[in-house]
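Here's the structure we're looking at; comments come further down.
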Amino acid sequence: MSVRVRFAPSPTGFLHIGSLRTALYNYLFAKHHGGTCILRIEDTDRTRLVEGAIEEQISSLAWAGVVFDEGPHVGGNYGPYTQSERFDLYRTYGMQLVENGTAYYAFDTSDELDAMRQRQQAAGIAPKYDRSSMRNQYTLGEQETARLLAEGALHVIRLKVPLTADVRFHDQIRGDVVVNGREIDDQILLKSDGFPTYHLANVVDDHLMEITHVIRAEEWLPSTPKHVLLYEAFGWTAPTFAHVPLLLNPDRSKMSKRHGDVMVRDFAAKGYFPDALVNFVALCGWHPGGDNEKFSMEELIDAFSLERVNKAGAVFDYKKLEWMNSEYLRSRDPHQLATALLPTLTERGYTRIEPAFVADVIALLRERVTFLAEIAEFGDYLFGDTLCALSDETQAALTGNQGVVDALRAFHEGFSDATLTDEATFKAHAQASAEHASIKMGAMMKPLRLVLTHRDVGADLFRTLQLIGADRCSHRLASFLS
RNA sequence: GCACCGUUCGUCUAGGGGUUAGGACACCGCUCUUUCACAGCGGUAACACGGGUUCAAUUCCCGUACGGUGUACCA
């Protein structure tokens, strides 16, 4: 049987980085096995819908390179792929369970349920629907139930959980899990607004869409017994479950925006390469074995297996993500990067933005930054002629040192004669100037960099000067010396 | 509270009955570049605790502690 998996987000906001990883694992697993990866929108909670969320999530996923074979945006033979468009289906299936005795009507109001929970808490028992004392099909009797229904009373359908039997299932990542029936709540399947809850809709759709593997976040593990019971109630075979560990904050709680960016679009906006993010996030909770840490999507697909997914949650290390991004920045073709950077350079009003030149600058500066866009800021002295301000302090230190001034003057005067075309000639000229002023070359380097770039750190100085060009160097020296 | 899940350097992790417990990020140091950085080299640093089983346990079993998730007419 061919593998069919699904990623099933709720359109309640932007795509979370943790969701991206779950989607990615589904995608990798499907592609590794030559299977099908499906996107299904679970919008059964009408109160939490966020306008545009579906589109945003799909575009974030696409940005990251997670593409679906079936879904609301691409179609497929198992549609519709949006639960609100499958409304009637759930009622039909829910009623099927009422008829076969595995689900029942309940008429309790929210206030009554709150009161029940309060009583239970006061008595020190776990809060759980008390089938024997609340207003439902069993306590009310068939006639009263029929009367209420005929009258149109608000009601829900609840799962009739066997009171004592153990519910067991095998999780592909966690092994065997056993929960006693007495711990499982009589879950609401159909809400009083007629919409299904997650549990019903999810099970019905997974069955109808012939899902073979349910790969989802660990937070679903506690409700899986309910789902197993649901499959049994329908007489269906349950898919294989695999609960992946959570992504964590530094304090080990579920990853949230308190500690930094968590939305995929935030990472994109910050300048992360999609493949770097994907590479990094794939390795949070999964390890392919071996020491390699750099994986393209194809390599991830090739290496992925559920067996090597970890059990414990993983703290999201932003520092390592940055490192990963800088690795990608260094390995990418400078000409492609130049094309990508061009709009930013134009926006900043830079004048020296011929693609070949930009590529040269990128090749020079990328060693020392994390994001491509940083080069636009960091390379201002190469892309244009407006240098950042030099502090008075620095200025004074420079002009106050006679040896340095002499050396710089010598360096500048030499410009008319020197044929300054490459790193070697710039270097030779600098050496001669230092010697002429009787200072050490080491004492010459930093002032030279400061005067010509207005920055105290940078890439290789003479390569930098070569890229700035003799003319511009001369101008900048002249304006400093005057 | 109850249920479930988890626990190897600060972090991501490899490993697995007998290992100098490996790699990566971060951190520190050295070298190089007559500067800063980059790079190269090196270093600090971990099997939560207690019982078993065993010739031998970080590895298997049981407890404990700690942490996380769940406990909704949310997903």
Side-chain angles (χ1 to χ4, degrees), chain A residues 8-12 42-48 106 108-110 113-114 117 120-121 124-129 154-158 171 173-175 177-180 182-185 187-199 201-202 216-225 243 245-246 248-254 280 283-294 308 310-324 326-327 330 364-369 427 430-431 434 440-450 455-462:
Chain A
S10 291
T12 55
E42 309 218 325
D43 57 348
T44 55
D45 184 354
R46 311 312 290 165
T47 66
R48 295 206 310 157
D108 317 280
T109 64
S110 327
L113 291 170
D114 286 346
R117 285 186 200 106
Q120 290 168 330
Q121 272 188 342
I125 355 173
K128 184 173 172 259
Y129 185 74
L154 280 184
H155 65 276
V156 300
I157 304 292
R158 284 182 182 269
D171 187 281
I173 293 168
R174 275 145 224 288
V177 180
V178 185
V179 178
N180 192 281
R182 88 175 77 87
E183 310 293 348
I184 305 168
D185 204 3
Q187 182 64 49
I188 290 180
L189 266 19
L190 284 164
K191 304 184 247 187
S192 56
D193 66 359
F195 269 84
T197 56
Y198 167 88
H199 308 280
N202 190 265
R216 62 182 13 164
E218 188 185 356
E219 56 198 337
W220 291 107
L221 195 54
S223 52
T224 303
H243 289 91
L246 261 19
L248 271 24
N249 289 316
D251 67 3
R252 305 203 76 86
S253 57
K254 192 158 79 169
F280 175 75
L283 260 20
C284 282
W286 169 76
H287 196 279
D291 285 342
N292 183 25
E293 291 196 285
K294 309 271 282 297
R308 294 197 70 94
N310 284 57
K311 293 182 174 77
V315 173
F316 193 90
D317 187 347
Y318 290 90
K319 273 274 193 299
K320 189 155 184 179
L321 205 215
E322 288 187 0
W323 165 78
M324 184 67 84
S326 67
E327 287 290 303
R330 289 164 198 214
L364 178 68
L365 296 183
R366 65 173 166 184
E367 296 289 314
R368 40 173 311 95
V369 299
K427 186 172 183 177
Q431 273 166 334
K440 284 188 289 191
M441 180 67 161
M444 167 92 179
M445 300 280 276
K446 193 166 181 182
L448 204 49
R449 181 186 295 282
L450 275 168
R455 291 180 187 273
D456 54 6
V457 296
D460 180 84
L461 181 56
F462 300 111

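In what follows, every chain begins at residue 1, and chains take the letters A, B, ... in the order their sequences are listed.
A:Ser192 comes within contact range of at least one nucleobase, with a heavy-atom separation under 4.0 Å. Across all strands shown, A:Gln431 has heavy atoms under 4.0 Å from base atoms, whether or not it also approaches the sugar-phosphate. Among the atoms of the strands shown, only primed sugar atoms or phosphate atoms (P, OP1, OP2) are found under 4.0 Å from some heavy atom of A:Asn310. In this structure, A:Thr224 reaches neither bases nor backbone, as no heavy-atom distance under 4.0 Å exists between it and the strands shown. Within 4.0 Å (heavy atoms only), A:Arg46 reaches no atom of the nucleic acid at all. Within 4.0 Å (heavy atoms only), A:Lys254 reaches sugar-phosphate atoms of the nucleic acid but no base atom. Among the protein residues, A:Arg455 comes within range of no part of the nucleic acid, since none of its heavy atoms lies under 4.0 Å from any strand. Residue A:Gly458 is classed as a base contact, given a heavy-atom separation below 4.0 Å to a base. Residue A:Arg252 is classed as a sugar-phosphate contact, given heavy-atom separations below 4.0 Å to backbone atoms only. When heavy atoms are screened at a 4.0 angstrom cut-off, A:Val177 is found touching the sugar-phosphate backbone but no base atom. Counting any heavy atom pair closer than 4.0 Å across all strands shown, A:Lys294 reaches no nucleic acid atom. Within the 4.0 angstrom heavy-atom criterion, only backbone atoms of the sugar-phosphate kind lie near A:Arg330; the bases stay farther away. Residue A:Arg117 is in sugar-phosphate contact alone, with no base atom involved, counting any heavy-atom pair closer than 4.0 Å across all strands shown. Residue A:Leu461 is classed as a base contact, given a heavy-atom separation below 4.0 Å to a base.
B:rA39 sits 9 Å from B:rA26 when the P atoms are compared, rounded to a whole Å. B:rG17 and B:rU11 are spaced 26 Å apart, taking the P atom of each and rounding to whole Å. As rounded to the nearest Å, B:rU33 and B:rA46 have C1' atoms that lie 36 Å from one another.
Note on A:Lys440: every side-chain N or O is 4.0 Å or more away from OP1 and OP2 of B:rU35.
The side-chain heavy atoms of A:Leu321 and A:Phe316, taken from C-beta on, include a pair separated by under 4.5 Å.
Between A:Asp43 and A:Arg46, the closest heavy-atom pair is O-NH1, 2.5 Å. Closest non-hydrogen pair, A:Met445 versus A:Leu461, comes out as O-CD2, 3.6 Å. For the pair A:Thr12 and A:Arg48, the tightest heavy-atom approach, listed with the atom from each and the gap, is CG2-O, 3.4 Å.
In a base pair of the Watson-Crick type (N1 to N3 plus N6-O4 or O6-N4) or a G-U wobble (N1-O2 and O6-N3), with each distance short of 3.5 Å, B:rU35 is matched with no nucleotide. Pair assignment for B:rC4 gives B:rG68, based on Watson-Crick or G-U wobble hydrogen-bonding distances that are each under 3.5 Å. Summarising the base pairing, B:rU53 is matched to no nucleotide, lacking a Watson-Crick or G-U wobble pair whose two defining distances lie under 3.5 Å. When both pairing distances are held under 3.5 Å, B:rC73 makes no Watson-Crick or G-U pair with any nucleotide shown. Base pairing analysis places B:rU20 opposite nothing; no Watson-Crick or G-U wobble pair with both distances below 3.5 Å involves it.
A:Arg158 has its CZ atom 10 Å from the P atom of B:rA72, to the nearest Å. Spacing between atom CD of A:Glu183 and atom C1' of B:rG1 amounts to 12 Å, rounded to whole angstrom units. One atom, CD of A:Gln120, and another, C1' of B:rA3, lie 15 Å apart when rounded to the nearest Å. We find that OH of A:Tyr318 is positioned 17 Å from P of B:rA26, with the value rounded to whole Å.
No donor-acceptor pair closer than 3.5 Å links the side chain of A:Asn310 to the backbone N or O of A:Ala312. In this structure a side-chain-to-backbone donor-acceptor pair under 3.5 Å is missing from A:Thr44 to A:Thr197.
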